[in-house]
S.K.: 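Below is the structure I would like to discuss, written out as structure tokens.
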Amino acid sequence: MGAYMSFTCGKFYTRGGFGLEMGRPGNQEIFVGVKRGRREEDVPLRCLPFFEGAESHDSARFLVEGAAAGVAVGRRIESYPAGRIRRRYGWASDSWSTPDFTFSIFTPFGPISPTDPPLPAILAELTIDNRRGRSTVTGVFAVRFPDGGLRLLDGPGRGFAWRDRLGVSVELWQWGRSNRKSAEGRMINDQLLQFLRWDPAEALLDANPVHLLGNTAGFGFEVPAGLKRVLVLALGCYVEGVVTTGFRGRYAYTRCQSSLEQVLQEQLRRAASDRRRAAQLDATLERARLNRDQKFLIAHATRSYYGNTQLLEVGGEPFWIVNEGEYCMMNTLDLSVDQVFWELDQNPWVVQNLLDRFVRHYSFVDQIKIPRPGARSAARHQAQFGPESEAQPRVLGAPQPMELFELREGGISFCHDMGAHNQFSPPGSSSYELPDIVGCFSHMTSEQLCNWSLMAACYVHHTTDDDWLRRNHHIIAACLQSLLNRGGRAGFCQYDSARCRTGAEITSYDSLDHSLAQA
């Protein structure tokens with residue numbers, strides 16, 4: 001939450017992993033699996049299908065003769081067939097089970113404090129229960145990165161990092177037959193193998209498991225018969241310094257955490273509480289009177305939402321941002337009005353933060369275009385709307401010269417967004433809207449005025465924040481007058497903003513027309 005980071009897996013035979021400040025999943029291959037036997041036994045490693053399936057021959061690039069001869073470097077890695085995998089997808093946990101192990105990711109959520117920001121990390125566990133087994137098995141977790149920059153973490157913890165921005169730290173816990181009913185295990189980090197090679201299967205067998213030229217980092221651990229072992233993983237990020245332009249914003253978590261290593265160690269410390277919170281949230285959604293598909297959609301949307309959020313500090317004040325999916329537009333106002341119900345339920349302060357930031361930085365006062373008497377299309381306008389309507393005549397799909405209009409007072413409105421890709425737009429403008437366009441990328445002035453007004457009404461109704469209402473009474477009165485100016489006798493949008501120049505306003509209120517139709 002608030003870190004603009006995700007860890008993605010689940011689409012078989014493709015890549016995923018860490019995604020940081022980007023509008024797509026990560027581009028790493030993830031290896032989670034077991035081999036039946038001890039570490040040094042030359043048997044296949046079988047993993048969940050979270051990788052593309054090709055063996056790694058990257059080390060052959062360093063051997064010119066070997067590469068030319070097509071020498072294959074790497075050990076065989078198999079994947080479990082879909083029929084041997086069960087998935088349990090809850091509101092805050094995602095578990096993948098095979099006959100040999102369970103891999104779980106925990107993403108609890110809840111109230112966010114601007115003064116005590118959430119930790120930029122995710123908890124995961126690889127559980128291998130071999131208490132009824134007859135022979136040793138070896139578990140593996142590894143990530144293969146397409147770009148160089150991997151290193152092993154310094155200090156007491158076991159882990160690896162990609163440069164100073166992304167990392168994994170682990171603990172290995174053990175349960176035996178004698179403590180089967182006990183919730184307490186014991187930490188056995190000395191039983192962990194840490195590796196950095198090109199291929200996880202190769203690394204398990206090699207006398208040199210660490211080679212700093214490698215692009216695949218991970219951990220191996222043996223589980224003898226009669227034991228259960230759990231690899232607890234903290235997956236996190238840390239982005240230091242100013243991360244935005246226009247307004248200089250820093251991630252709020254950097255005020256409380258000083259390094260990637262500290263983030264990862266803190267996540268390990270919170271493992272038990274995060275596990276409990278995730279179970280409580282899972283149970284809440286499970287009790288809901290919804291069908292299976294609806295529950296999946298809610299669980300997925302919650303993750304998608306929080307994975308695209310940023311809690312920044314700008315000028316010493318909190319600044320909440322929700323990035324628009326693959327487009328990475330910041331605080332798109334026609335999406336904020338959809339998210340307001342969730343945000344009021346979870347974190348009402350972020351709605352106030354958004355409303356105030358739009359007023360302070362991304363509001364403006366415009367004029368509107370009124371058709372001059374006798375302008376072309378008047379006959380069509382009369383036939384379509386009648387003589388007393390003030391609806392604007394327009395040749396649909398074509399720009400109209402400004403001389404067909406006179407300009408009158410419009411009023412306050414708000415921009416479509418605040419910028420894109422961590423770049424704040426200049427105050428009073430958006431990354432999206434352009435003049436002289438009919439269709440996509442034109443201005444959405446009337447819609448954004450409606451959206452800000454609806455969000456303000458929802459906020460006051462939900463919170464009864466009368467102080468905020470008094471402070472912003474003049475803004476709300478200005479919004480009402482602006483709505484009236486744009487609505488004419490019909491009571492809804494009739495006139496385009498002069499910001500469109502020869503173009504026409506569009507709207508994402510799509511129920512009555514194709515997407516981005518004329519407002």
S.K.: Are side-chain N/O atoms of Gln257 and Tyr251 paired as donor and acceptor at under 3.5 Å?
M.R.: no
S.K.: List the atom of Glu21, the atom of Val243, and the distance in Å for their closest heavy-atom pair.
M.R.: OE2-CB, 4.1 Å
S.K.: Using the side-chain contact (heavy atoms from CB on, under 4.5 Å) definition, which of the options Ile122, Leu123, Asp274 pairs with Pro108?
M.R.: Asp274
S.K.: Give a yes-or-no answer on whether the side chains of Asn189 and Glu171 include a donor-acceptor pair shorter than 3.5 Å.
M.R.: no
S.K.: Measure the shortest side-chain to side-chain distance between Thr107 and Phe7 over non-hydrogen atoms and say whether it is less than 4.5 angstrom.
M.R.: no
S.K.: Over 60° means perpendicular and under 30° means parallel, so tell me whether His361 and Phe247 are parallel, tilted or perpendicular.
M.R.: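 Aromatic pair His361/Phe247 classed tilted.
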S.K.: Taking it one step at a time, do Gln194 and Val210 satisfy side-chain contact (heavy atoms from CB on, under 4.5 Å)?
M.R.: CA-CA 8 Å; Gln194 188 165 356; Val210 174; 5.6 Å; no
S.K.: Would Glu52 and Arg144 pass as an ion pair if we require N to O under 4.0 Å?
M.R.: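 So Glu52 does not pair with Arg144 through a salt bridge.
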S.K.: Might you work through the salt bridge (charged side-chain N to carboxylate O under 4.0 Å, His left out) test for Asp129 and Arg131, ending with a clear yes or no?
M.R.: CA-CA 6 Å; Asp129 192 342; Arg131 287 177 293 193; 2.9 Å; yes
S.K.: Could you give me the CA-CA distance, side-chain angles and deciding distance for Phe109 and Tyr305, then say whether ring pair (Phe, Tyr, Trp, His ring centres under 6.0 Å) is met?
M.R.: CA-CA 11 Å; Phe109 58 89; Tyr305 169 81; 9.6 Å; no
S.K.: Are the side chain of Ser169 and the backbone N or O of Arg158 linked by a donor-acceptor pair below 3.5 Å?
M.R.: yes
S.K.: Please check if the side chain of Thr309 supplies one atom and the backbone of Tyr306 the other of a donor-acceptor pair under 3.5 Å.
M.R.: yes
S.K.: Does the side chain of Phe18 reach to within under 4.5 Å of the side chain of Val168, using non-hydrogen atoms?
M.R.: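 The answer is yes, as the side chains (C-beta and beyond) meet within the 4.5 Å cut-off.
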S.K.: Look up atom CD in Gln352 and atom CG in Asn347, then write down how far apart they are to the nearest 0.5 Å.
M.R.: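 The distance works out to 13.0 Å.
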S.K.: Provide the closest heavy-atom pair for Met22 versus Pro25 in the form atom of the first, atom of the second, distance.
M.R.: CE-O, 3.0 Å
S.K.: Could you measure the distance from the CE atom of Met418 to the CG atom of Leu354? Nearest 0.5 Å is fine.
M.R.: 5.0 Å
S.K.: Taking all non-hydrogen atoms of both residues, which atom of Val337 and which atom of Val340 are closest, and how far apart?
M.R.: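 Where Val337 meets Val340 most closely, the heavy atoms are O-CG1, 3.2 Å.
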S.K.: Of Thr332, Leu333, Leu335, Asn331, which is the lone residue that meets side-chain contact (heavy atoms from CB on, under 4.5 Å) with Asp417?
M.R.: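 Per the side-chain contact (heavy atoms from CB on, under 4.5 Å) rule, the option paired with Asp417 is Thr332, out of Thr332, Leu333, Leu335, Asn331.
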S.K.: If the test is side-chain hydrogen bond (donor to acceptor under 3.5 Å, both in side chains), which one of Asp206, Thr216, Asn215 qualifies with Arg197?
M.R.: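 It is Asp206; the other options fail the test.
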S.K.: Donor-acceptor pairs under 3.5 angstrom involving side-chain atoms of residues 219-236: please list them, not counting sequence neighbours.
M.R.:
from	atom 1	to	atom 2	distance (Å)
Glu222	OE1	Arg38	NH2	3.4
Glu222	OE2	Arg39	N	2.9
Arg229	NE	Gln174	OE1	2.7
Arg229	NH1	Glu222	O	2.4
Arg229	NH2	Gln174	OE1	2.6

S.K.: Hey, is CZ on Arg255 packed in by over 12 heavy atoms from elsewhere, all under 6.0 Å?
M.R.: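 Enclosed.
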S.K.: Is any side-chain heavy atom of Ile112 less than 4.5 Å from a side-chain heavy atom of Trp349?
M.R.: yes
S.K.: Within the side chain of Asn353, is there an N or O that forms a donor-acceptor pair under 3.5 Å with the backbone of Pro318?
M.R.: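 Between the backbone of Pro318 and the side chain of Asn353 there is a qualifying donor-acceptor contact (under 3.5 Å).
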S.K.: Answer yes or no: are there more than 12 heavy-atom neighbours, outside Phe296 itself, under 6.0 Å from its atom CZ?
M.R.: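 Yes, CZ of Phe296 has more than 12 neighbouring heavy atoms, counting only those of other groups under 6.0 Å.
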S.K.: Start with the C-alpha gap between Val143 and Phe160, add the side-chain angles, then the distance that decides, and say whether side-chain contact (heavy atoms from CB on, under 4.5 Å) holds.
M.R.: CA-CA 10 Å; Val143 181; Phe160 63 85; 4.2 Å; yes
S.K.: How many angstroms lie between CG in Leu204 and CG in Asp199, if you round to the nearest 0.5 Å?
M.R.: 9.0 Å
S.K.: How are the rings of Tyr238 and Tyr253 set relative to one another: parallel (under 30°), tilted (30 to 60°) or perpendicular (over 60°)?
M.R.: tilted
S.K.: Please evaluate residues Asp334 and Gln448 with respect to the criterion side chain to side chain donor-acceptor pair (under 3.5 Å), reporting the C-alpha separation (whole Å), side-chain torsions for both, the decisive distance (0.1 Å), and the verdict.
M.R.: CA-CA 7 Å; Asp334 49 288; Gln448 307 311 345; 3.3 Å; yes
S.K.: If you count heavy atoms of other groups shown closer than 6.0 angstrom to CD of Gln423, is the number above 12?
M.R.: yes
S.K.: Take Leu355 and Val351, measure what side-chain contact (heavy atoms from CB on, under 4.5 Å) needs, and give me the verdict at the end.
M.R.: CA-CA 6 Å; Leu355 292 168; Val351 179; 4.1 Å; yes
S.K.: Indicate the atoms forming the closest heavy-atom contact of Ser442 with Tyr432, along with that distance.
M.R.: O-CE2, 3.6 Å
S.K.: Can you tell me how the ring of Phe414 sits relative to the ring of Phe358, calling it parallel under 30°, perpendicular over 60° and tilted otherwise?
M.R.: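 Plane angle over 60°, so perpendicular.
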S.K.: Can we say Arg36 and Glu78 salt-bridge, meaning some charged N sits less than 4.0 Å from an Asp/Glu carboxylate O?
M.R.: no
S.K.: Under 6.0 Å from the six-membered ring centre of Tyr80 and within 45° of its axis: does the NZ or CZ of Arg46 meet both?
M.R.: yes
S.K.: Who pairs with Arg292 by salt bridge (Lys or Arg N to Asp or Glu O under 4.0 Å), at least two apart in sequence or on another chain?
M.R.: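 For Arg292 there are no salt bridge (Lys or Arg N to Asp or Glu O under 4.0 Å) partners, ignoring immediate neighbours.
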S.K.: To the nearest 0.5 Å, tell me how far Phe195 CZ sits from Leu152 CG.
M.R.: 11.0 Å
S.K.: Start with the C-alpha gap between Gln310 and Asn422, add the side-chain angles, then the distance that decides, and say whether side chain to side chain donor-acceptor pair (under 3.5 Å) holds.
M.R.: CA-CA 10 Å; Gln310 290 174 284; Asn422 279 11; 3.2 Å; yes
S.K.: For a 4.5 angstrom cut-off between non-hydrogen side-chain atoms, does Asp100 reach Val137?
M.R.: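 Heavy-atom side-chain distance check fails, nothing below 4.5 Å.
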S.K.: Let's go through Leu166 and Cys237 carefully: what are the C-alpha distance in whole Å and the side-chain angles of both, what is the deciding distance for side-chain contact (heavy atoms from CB on, under 4.5 Å) to 0.1 Å, and is it a yes or a no?
M.R.: CA-CA 4 Å; Leu166 300 168; Cys237 70; 3.8 Å; yes
S.K.: Can a donor-acceptor pair be found, under 3.5 Å and without considering hydrogens, that links the side chain of Trp320 to the backbone of Gly2?
M.R.: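 Absent.
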S.K.: Between Glu286 and Arg88, is a salt bridge (charged side-chain N to carboxylate O under 4.0 Å, His left out) present by the stated rule, with each step listed?
M.R.: CA-CA 12 Å; Glu286 192 58 35; Arg88 184 182 180 278; 5.2 Å; no
S.K.: State the OG-CZ distance between Ser6 and Arg303, to the nearest 0.5 angstrom.
M.R.: 11.5 Å
S.K.: With no hydrogens and no angle check, is any side-chain donor or acceptor of Gln267 less than 3.5 Å from a backbone partner on Leu119?
M.R.: no
S.K.: Do you know the tightest heavy-atom contact between Leu20 and Ala3?
M.R.: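 That closest heavy-atom pairing would be CD1-O, 4.1 Å.
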S.K.: In Å and rounded to the nearest 0.5 Å, what is the SG to NZ distance from Cys9 to Lys11?
M.R.: 13.5 Å
S.K.: For the side chain of Tyr362 and the backbone of Ser425, is there at least one donor-acceptor N/O pair under 3.5 Å apart?
M.R.: yes
S.K.: Look at the aromatic rings of Phe50 and Phe12 and report parallel, tilted or perpendicular, splitting at 30° and 60°.
M.R.: tilted
S.K.: Going by heavy atoms in the side chains, are Arg151 and Leu212 under 4.5 Å from each other?
M.R.: no
S.K.: Looking at side-chain heavy atoms only, is the closest gap between Arg15 and Gln28 below 4.5 Å?
M.R.: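 A side-chain contact under 4.5 Å is absent here.
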S.K.: Of the non-hydrogen atoms in Leu150 and Gly214, which two are nearest, and what is the gap between them?
M.R.: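 Where Leu150 meets Gly214 most closely, the heavy atoms are CD1-O, 4.1 Å.
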